Amino acid sequence: MNVPRIVIATVLGLGVLSAARQEPPLPVWDPEERSALEESGWVPGAILLNPEPLPDVPDAEVAEPVPPGLENPTDAELAVDESPPAPVPEEFIGDYFAARPESFLVDPQGLLGSEPYAERLGFLNYHADDSSIDFFIYVFGGDQEIPSDVRGEETIERFFSEGVPAAIVFYFLGAPERSIFYLSPSLTDVVAAPEQRRALQSSMMQAFSRTDPIDEFVAFSVQMSIRIYWMERMLSGDAVGEPPADGAAADLAAPVDGPAADQASAKPPGPLAEFVALVALPAALVLSALVTLAGLGFWLKVRARYRFPDFEVEPRLGGPHAAGIGAVISFASAASPPASQRDQVPDYLRRL
Amino acid sequence: MRLQSLTDAAGLLRRSDRDRVSAVMDRISGRFPQIFVAVYTGSLGEMANLRQFGFWLLNRAAFEDVPADKPNEAGILLVIDAESKAAGITFGYLLDPFIEESDTFDCLSRAHAYWLEGRHADGIVKALDHLALVLKKRSRQGRRDPERFERKVRPPVRPSELVKRLRDGHRKADTAEVVTHDDSERPSQPRT
């Protein structure tokens, strides 16, 4: 029977497991050998096999040391600006909120400066070319406040209900933590609120890693572009994993050597890249194979040589080389087409 | 009689036309290593017969620019009579089993419309292009079923040989009959 064997094997296995759970005792030096080694000046394993307990270390000494060169913040830095934010100047309200913006970057106050504005606008245009979700950024001053009579949700719903789905960010220059993120109505229902929140927080974290307001803005926009790409992939039903962690995203989005490198590193693989990977590349391979086959066929056709079996033909009509007299056609008149000349009568059968 | 494989005695072809026609002729000679194509244009006069002229020319001409390993038996001659406005094709014994008169007529038919308009080179090119197609087809058929083409050129049995075979057959039959008769009668012979 197998039952006794199973019982025995179980008992033995449990015994082995219980024995394995008991830690074997540490080796102990023989006193004579240890004294001999101490006289020689070095005891192998003395640190690990030291039976004496570690002396108590005060907590103050094990506290994390302050990195060199980093000083404590000053009182001015710790002071909180208690002044209330100023509203956006009245003359720019119309430029911001009167109509759907024609540009992806809305900065009527010129807060960014001409060169950063052009550079960021180029980036947003690139994003729009490569993504099915447009990305609009309204730039406000860090100490500015949107007037209370402007309701963001209503504005977004009014201007972005139609057309290409869009993600809109109200960005406060120098205060990325105040950024507000909106999605056009067609996206609000399909992109979960936590995902929107994570996208905003991730972009803020990227902005916080910079010190210059413009650099903050650049990092924010790049990270948001990446998050929008992941939203787009989720909407398209692709089996995507988690969006890249902030660190990875930072690696992807971090500007390396100026604006050009920034844009190059921030290019998310959009629909075009997916199309290339899924369709264009295999199609190109198939096409090249077909072209190769066609070329091979053409080459073989050109190189083909045709031969005839050589039969012995008895000479006729006294001709040593030829008696194969073929057809004759007259082209003297269009009134006698080839069809009327098909039935030819040899000359020697004609009545003279 | 020495002449070039492309002889434009009638002056129907310009230099560029000659180049085009020569190119087609060379292409046929390359694709069909056994054969060559010759084109002759001339004025044969009212009394001349185009068939007879083609037959005579292919048997008598020595084409200087044709390799020596290609005898006139392997030639296809296109003759155009500029005066009577007629054209004919003659071919050598090598192609006798493979080319029918209807094939040559089809080739000439392709060129008819061009020759009506005086575009002699275009007509020649069209005719030779179609000729190449016919040759290609016949070459394939010849390799697949050579017996069929060989049968067309097999010399006919002469009447005297036919009579001889018949007589031989009768003699053999008579002999066999006698032998059979002897064998049948042998058992019935009375024993002595």
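A, B, ... follow the sequence lines: proteins, then strands. Residue 1 opens every chain. It should be emphasised that the depicted structure is a prediction, and the values quoted were computed from it without experimental measurement.
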CZ (Arg100(A)) with more than 12 external heavy atoms under 6.0 Å: yes

Positions in residues 13-22 of chain B that reach chain A, provided some heavy atom is under 4.5 Å away: none

Distance in Å, Ser336(A) OG paired with Leu116(B) CG, rounded so as to fall on 0.5 Å steps: 7.5 Å

Distance (rounded to the nearest 0.5 Å) between Lys301(A) NZ and Arg31(B) CZ: 7.0 Å

Contact class of Asp106(B) relative to chain A, heavy atoms under 4.5 angstrom: side chain

Residue part contacting chain A, namely of Leu95(B), when any heavy atom lies under 4.5 Å: side chain

Geometric class of the Trp115(B)/Phe331(A) ring pair [parallel <30°, tilted 30-60°, perpendicular >60°]: tilted

Contact class of Pro97(B) relative to chain A, heavy atoms under 4.5 angstrom: side chain

When Asn59(B), Leu77(B), Asn72(B), Thr104(B) are compared by non-hydrogen pairs under 4.5 Å with chain A, the top option: Asn59(B)

Contacting region of Asp96(B) [heavy-atom separation from chain A under 4.5 Å]: side chain

Residues of residues 122-150 of chain B contacting chain A, heavy-atom criterion under 4.5 Å, by residue number: Leu135(B), Lys136(B), Arg138(B), Ser139(B), Arg140(B), Gly142(B), Arg143(B), Pro146(B), Phe149(B), Glu150(B)

Atom pair OH/CD of Tyr93(B) and Glu314(A) - distance to nearest 0.5 Å: 9.0 Å

Chain B contact via Arg316(A) - side chain, backbone, both or neither, heavy atoms under 4.5 Å: both

